[in-house]
Amino acid sequence: MADDKKLTTRAEDFSAWYNEVVLRAELADYSPVKGSMVIRPNGYGIWERMQRALDDKFKATGHVNAYFPLLIPESFMKKEAQHVEGFAPECAVVTHGGGKELEERLYIRPTSETIIYHMFAKWVQSYRDLPILMNQWANIVRWEMRTRLFLRTLEFLWQEGHTAHATHEEGEAEARKMLGVYRDFMEGWIAMPVITGYKSESEKFAGGLRTYACEALMQDNKALQAGTSHDLGQNFSKAFDLKFQSESGEVEYAWNTSWGVSTRMVGGLVMTHGDDNGLVTPPKLAPIEIVIVPIWKTDEERSKLVEAANKLKDELTSWSGRGEDRLRVHIDAREGMKPGAKYYEWELRGIPLRLELGPKDLEKQSVFSARRDTRAKAAIPMAGVAASVAQLLGTIQSDLFTAAKARRDAATHRGDISYARFKEIMDGPGGFVYAGWNGDPAVEAQVKEETKATIRVIPDAEFRSPDAPMTCMVTGQPAKHEVVWAKAY
RNA sequence: CGGGACGUAGCGCAGUCCGGUAGCGCACCUGAAUGGGGUUCAGGGGGUCGCGGGUUCGAAUCCCGCCGUCCCGACCA
């Protein structure tokens, strides 16, 4: 930072910009343990709103919450072969407890499939016990080598849904349904457009049959995997003996799914909407939607305006036009700080809407508003102010999505793209490239080696090009799929 | 774990080459004025100079060892 007051700009150095926004908006701070972080109230407040919105959606789709323990016996981790292979290198293991070496080592969960399906096996006997639709909110540990605030840390918070079904069709439908729930949340709440689809073999969850994912594009044109949903097939039910007796009396293994989103989404929010003045929070996820800044010169004016600000806050928070979801308002009446300094601070923190209230506004029976996203300013009449403000917040929410989608589409390349051109794109601006792929993992590995880009997703029909490429971008052989390439976080 | 850089106040840094007992900006505290886009003045608090050892009358500075952090690579929600 050349100037202490200014952020590094996104154009100068995107990752420096990201770190500064996260630290200075007080979303998080580094903890003494390398690679782990403290989520501060400003960041946790966003996560809490994410949790609430998602939890409501999970409940609405018939899921219930439970909690499974942090520690998993080593033997459990080793029961599902691919799962072991996928996770072993990044697991933290407890070897000692109660002052002595443990007989069986305990893994700190990197995810909870093993313990959960072990328990499900205990609880399920008959098809009448199915489906089980369960979710837990938890912390998990994955020992990453290179970490970044929110995007990749040793420990993070997430939810993991786990379900058991009598048929594959039903499991498959569940995995797809939850992918849709994630998409609705990401687009409707984070205002972050995503591509949905499924992962190639090399990118899928170790131990599952198929991994579905939501992929978003950040402002530096790198992709962020924002959520995943797995069709686990019967791999875990076989490993953990999760059986049931069917209607016809046969004993069968259950079909499982698991799906999760994490605090990584907070990083996605920052990198989707943030600008060179700092964080921009979509109103629906903002712990504070509106900050009122009273403006005064003299002491008499101060008491008058602070009173007026309180009155305005009362009017806003008591308004019931949004039902139980009351407007979330904060008054900044700090002394010894000029209004301009306050504006910069609240902008850095991403508060969606600022209302300035000074003597002139009182005279005119209005407040002066400033949008965080566009920085557009306008006077709002006091009469009906709550409804006006709520409407404006709604506009901000939808404008953020529109702008993010326009950015993504501008950085999306389709059509007949040569591998040489592809390399130019990945070397330069980056972005999503839709291209044909012959389905060969060796080709995928070669592209990754040569360009650092990976197949983010084999897209759902809705996202596919109307004139999808018929040939593989690399080999020229007939294409098996149209796939989406990008460099990823 | 390999390659590079760096550890001095909460943060960012100067001082290290050429040893003499620590300084600047921001932040913080107090007071006064200021107050519609980063306010000014005055006063003030805060440092085992990463750790350990050595050389020296004397070490942030020179020597040896260790530790840690960051960046670049191999792994990843």
Side-chain angles (χ1 to χ4, degrees), chain A residues 1-8 13 15-16 19-20 23-24 29-30 32-35 85-91 109-111 138-148 150-160 182 199 202-206 211-216 223-230 258-268 277-278 293-299 301-302 305 332-348 354-364 366-370 375 377 379 448-449 452 454 456 488-489:
Chain A
M1 277 174 278
D3 182 341
D4 272 348
K5 286 175 177 164
K6 286 200 169 115
L7 291 167
T8 300
D13 184 343
S15 45
N19 281 327
E20 286 172 25
L23 294 171
R24 290 177 54 180
D29 202 354
Y30 294 105
V33 176
K34 177 176 155 60
E85 209 177 304
F87 278 110
E90 51 182 290
C91 283
R109 60 178 166 224
T111 179
N139 60 335
I140 62 176
V141 168
R142 294 181 188 177
W143 215 267
E144 301 293 349
M145 290 306 176
R146 294 192 63 182
T147 57
R148 299 209 54 197
F150 285 111
L151 303 175
R152 177 162 296 110
T153 48
L154 294 197
E155 179 186 358
F156 58 94
L157 305 182
W158 78 345
Q159 59 65 219
E160 46 181 321
Y182 288 157
K199 291 284 185 181
S202 71
E203 297 274 330
K204 78 161 203 221
F205 175 75
T211 291
Y212 296 96
C214 294
E215 291 282 331
L224 184 77
Q225 180 174 311
T228 52
S229 177
H230 313 290
S258 70
W259 27 274
V261 292
S262 73
T263 38
R264 174 180 249 197
M265 290 190 298
V266 177
N277 297 304
V293 181
I295 294 155
W296 64 82
K297 286 195 172 77
T298 61
D299 277 354
E301 263 180 5
R302 178 179 139 80
L305 281 148
D332 184 357
R334 285 177 294 179
E335 291 193 71
M337 211 174 160
K338 293 189 78 167
K342 294 181 180 178
Y343 302 165
Y344 280 104
E345 185 175 315
W346 293 113
E347 282 172 8
L348 173 64
R354 178 175 77 239
L355 296 178
E356 305 169 14
L357 188 61
K360 291 181 211 162
D361 304 297
L362 284 194
E363 265 176 46
K364 289 185 283 189
S366 65
V367 283
F368 198 68
S369 69
R375 304 185 97 207
K377 297 172 185 183
K448 184 177 180 182
E449 171 72 26
K452 295 198 170 102
T454 49
R456 299 322 303 157
Y489 273 93

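Each chain gets a letter, A, B and so on, in the order its sequence line appears, and its residues count up from 1.
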Asks: Does A:S202 reach a base, just sugar-phosphate, or nothing at all? Heavy atoms under 4.0 Å.
Replies: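 Touches nothing.
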Asks: Over how many whole Å does the gap from A:L357 atom CG to B:G35 atom C1' extend?
Replies: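 Roughly 15 Å, once rounded to whole Å.
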Asks: Are A:T454 and A:R456 close enough that a side-chain donor and a side-chain acceptor fall under 3.5 Å?
Replies: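 Yes, side-chain donor-acceptor contact under 3.5 Å.
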Asks: Report yes if the side chains of A:T153 and A:E144 come closer than 4.5 Å at any heavy-atom pair, otherwise no.
Replies: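 No - every pair of side-chain heavy atoms lies 4.5 Å or more apart.
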Asks: Say we look at B:C62 and B:G20: how far apart would their P atoms be, to the nearest angstrom?
Replies: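 My reading of the P atoms in B:C62 and B:G20 gives 11 Å.
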Asks: Looking at every non-hydrogen atom in both residues, tell me the closest pair between A:R302 and A:A333 and how far apart they are.
Replies: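 Answer, listing the atom of A:R302 first, then A:A333: NH1-O, 3.0 Å.
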Asks: Provide the Watson-Crick or G-U wobble partner of B:A14, both distances under 3.5 Å; none if there is no partner.
Replies: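 When the pairing criteria are applied, nothing turns out to pair with B:A14, so the answer is none.
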Asks: At 4.0 Å (heavy atoms only), tell me whether A:Q225 reaches a base, stays on the sugar-phosphate, or touches nothing.
Replies: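 A:Q225: backbone/sugar contact only, no base atoms under 4.0 Å.
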Asks: Check this for me: does the side-chain of A:R334 come within 3.5 Å of the base of B:G35 through a donor and an acceptor?
Replies: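 Check fails, no donor-acceptor contact within cut-off.
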Asks: Tell me the partner of B:G20, counting only Watson-Crick (N1-N3 plus N6-O4 or O6-N4) or G-U wobble (N1-O2 and O6-N3) with both under 3.5 Å; none if nothing fits.
Replies: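 Because both required distances fall under 3.5 Å, B:G20 counts as paired with B:C57.
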Asks: According to the 5.5 Å centroid and 30° plane-angle thresholds, does A:F156 stack upon the nucleobase of B:A77?
Replies: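 Aromatic stack with B:A77 present for A:F156.
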Asks: Would you say A:K338 reaches B:G37's phosphate, i.e. side-chain N/O to OP1/OP2 under 4.0 Å?
Replies: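 Checking B:G37 against A:K338, no side-chain N or O comes under 4.0 Å of OP1 or OP2.
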Asks: Considering only the C1' atoms, how many Å lie between B:U48 and B:A74, rounded to the nearest integer?
Replies: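 Taking atom C1' in both B:U48 and B:A74, they lie 39 Å apart.
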Asks: Listing time: all N or O pairs from protein to nucleotides 1-7 of chain B that are below 3.5 Å?
Replies:
none

Asks: Reckon A:E155 touches a base, only the sugar-phosphate, or nothing at all at heavy-atom distances under 4.0 Å?
Replies: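 Nothing: the residue A:E155, judged by heavy atoms under 4.0 Å, touches no strand.
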Asks: Would you mind telling me which residue lines up with the more 5' stretch of RNA chain B, A:T147 or A:W158, judged by nearest nucleotide?
Replies: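 Between the two, 5'-proximity favours A:T147.
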Asks: In whole Å, what separates the C1' atom of B:G52 from that of B:G45?
Replies: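 31 Å, rounded to whole Å.
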Asks: Check the distance between B:G38's P and A:I295's CD1 and give it to me in whole angstrom.
Replies: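 It is 12 Å, rounded to the nearest whole Å.
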Asks: Please state how far atom NZ in A:K297 lies from atom C1' in B:U39, giving the value in whole angstrom units.
Replies: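 Rounding to the nearest Å, NZ of A:K297 and C1' of B:U39 are 14 Å apart.
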Asks: Using purine N1 to pyrimidine N3 plus N6-O4 or O6-N4 for Watson-Crick, or N1-O2 and O6-N3 for G-U wobble, both under 3.5 Å, which nucleotide pairs with B:C28?
Replies: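 Its partner is B:G44 (Watson-Crick or G-U wobble, both distances under 3.5 Å).
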Asks: Using side chain to side chain donor-acceptor pair (under 3.5 Å) as the criterion, list what pairs up with A:S369, not counting sequence neighbours.
Replies: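 Once residues adjacent in sequence are excluded, A:S369 has no partner under the side chain to side chain donor-acceptor pair (under 3.5 Å) criterion.
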Asks: Report the residues that fulfil side-chain contact (heavy atoms from CB on, under 4.5 Å) with A:L348, sequence neighbours left out, ordered by chain and then residue number.
Replies: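 side-chain contact (heavy atoms from CB on, under 4.5 Å) list for A:L348, sorted by chain: A:L7, A:R24.
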Asks: Could you tell me whether the side chains of A:E347 and A:N277 share a donor-acceptor contact shorter than 3.5 Å?
Replies: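 The answer is no; no qualifying pair exists.
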Asks: Does any nucleotide pair with B:G2 by Watson-Crick or G-U wobble geometry, both distances under 3.5 Å, and what is it?
Replies: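 Partner of B:G2: B:C72.
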Asks: If I take atom CD in residue A:E345 and atom P in nucleotide B:A27, what distance separates them, rounded to the nearest angstrom?
Replies: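 It works out to 12 Å between those atoms.
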Asks: For B:G52, which nucleotide is its Watson-Crick or G-U wobble mate, given both distances must be under 3.5 Å?
Replies: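 Per the H-bond distance test, B:C64.
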Asks: Per the atom types in the model, does the base of B:G37 pair as donor or acceptor with the side chain of A:E347 at under 3.5 Å?
Replies: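 Such a pair is found, so the answer is yes.
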Asks: Taking atom P in both B:A59 and B:G50, compute the distance separating them and give it to the nearest angstrom.
Replies: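 Straight-line distance between the two P atoms is 15 Å.
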Asks: Taking the cut-offs as 6.0 angstrom to the six-membered ring centre and 45 degrees off its axis, would you call A:R354 and A:Y343 a cation-pi pair?
Replies: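 Yes, cation above the ring, under 6.0 Å and within 45°.
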Asks: A cation-pi test, strictly: NZ or CZ of A:R142 under 6.0 Å from the centre of the six-membered ring of A:W158 and no more than 45 degrees from its axis. Yes or no?
Replies: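 Yes, A:R142 and A:W158 form such a contact.
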Asks: Once you round it to whole Å, what is the distance between P of B:A77 and CG of A:N139?
Replies: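 Those two atoms, CG and P, are 18 Å apart.
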Asks: Using the C1' atom as the reference point in each nucleotide, state the distance between B:C24 and B:A9 in Å, no decimals.
Replies: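 Nearest-Å result for B:C24 against B:A9 at atom C1': 12 Å.
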Asks: Could you check which of B:A77, B:G36, B:G37 has an atom nearest any side-chain atom of A:S262?
Replies: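 Closest of the options to the side chain of A:S262: B:A77.
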Asks: Could you tell me how far B:G10 sits from B:U21 if I compare only their C1' atoms? Round to whole Å.
Replies: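 Approximately 25 Å lies between the C1' atom of B:U21 and that of B:G10.
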Asks: B:G38 C1' sits how many Å from A:Y343 OH, rounded?
Replies: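 So the OH-C1' distance, A:Y343 to B:G38, works out to 12 Å.
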Asks: Should the side chain of A:K377 and the base of B:G37 be counted as holding a donor-acceptor pair, with the cut-off at 3.5 Å?
Replies: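 By the distance-only test, yes, there is a pair.
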Asks: Sticking with atom C1', work out how far B:G46 lies from B:C1, rounded to a whole angstrom.
Replies: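 So the two C1' atoms sit 40 Å from each other.
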Asks: Can you tell me the pairing partner of B:U34 across any strand shown, Watson-Crick or G-U wobble, with both distances under 3.5 angstrom?
Replies: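 For B:U34, the partner nucleotide comes out as none, under the 3.5 Å rule.
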Asks: Figure out the CD/P separation between A:E335 and B:C29, and round it to whole Å.
Replies: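 Result: 14 Å.
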Asks: For a quick check of understanding: with a heavy-atom distance under 4.0 Å over all strands, which category does A:R148 fall into, base, sugar-phosphate or nothing?
Replies: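 Here A:R148 touches no strand at all.
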Asks: Under 4.0 angstrom, heavy atoms only, what part of the nucleic acid is A:L151 near: base, sugar-phosphate, or nothing?
Replies: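 Counting heavy atoms under 4.0 Å across all strands, the contact made by A:L151 includes a base.
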Asks: What is the distance, rounded to the nearest whole Å, between atom CD of A:E20 and atom P of B:C26?
Replies: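 My rounded result for the distance is 19 Å.
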Asks: Would you indicate which nucleotide in B:G38, B:A77, B:G35 comes nearest to any side-chain atom of A:R264?
Replies: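 When the side chain of A:R264 is considered, B:A77 is the closest of B:G38, B:A77, B:G35.
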Asks: Do A:R264 and A:F150 come within less than 4.5 Å of each other through their side chains, counting heavy atoms only?
Replies: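 A:R264 does not reach A:F150 side chain to side chain.
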Asks: Can you tell me, in whole Å, how much space there is between the C1' of B:U34 and that of B:U39?
Replies: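 Each nucleotide's C1' atom is 6 Å from the other's.
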Asks: Looking at CZ of A:F368 and CG of A:D361, how far apart are the two atoms once the value is rounded to the nearest 0.5 Å?
Replies: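 If I round to the nearest 0.5 Å, the distance is 8.0 Å.
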Asks: Using a heavy-atom cut-off of 4.0 Å across all strands, would you classify A:R142 as base, sugar-phosphate, or nothing?
Replies: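 If one applies the 4.0 Å heavy-atom cut-off, A:R142 turns out to touch a base.
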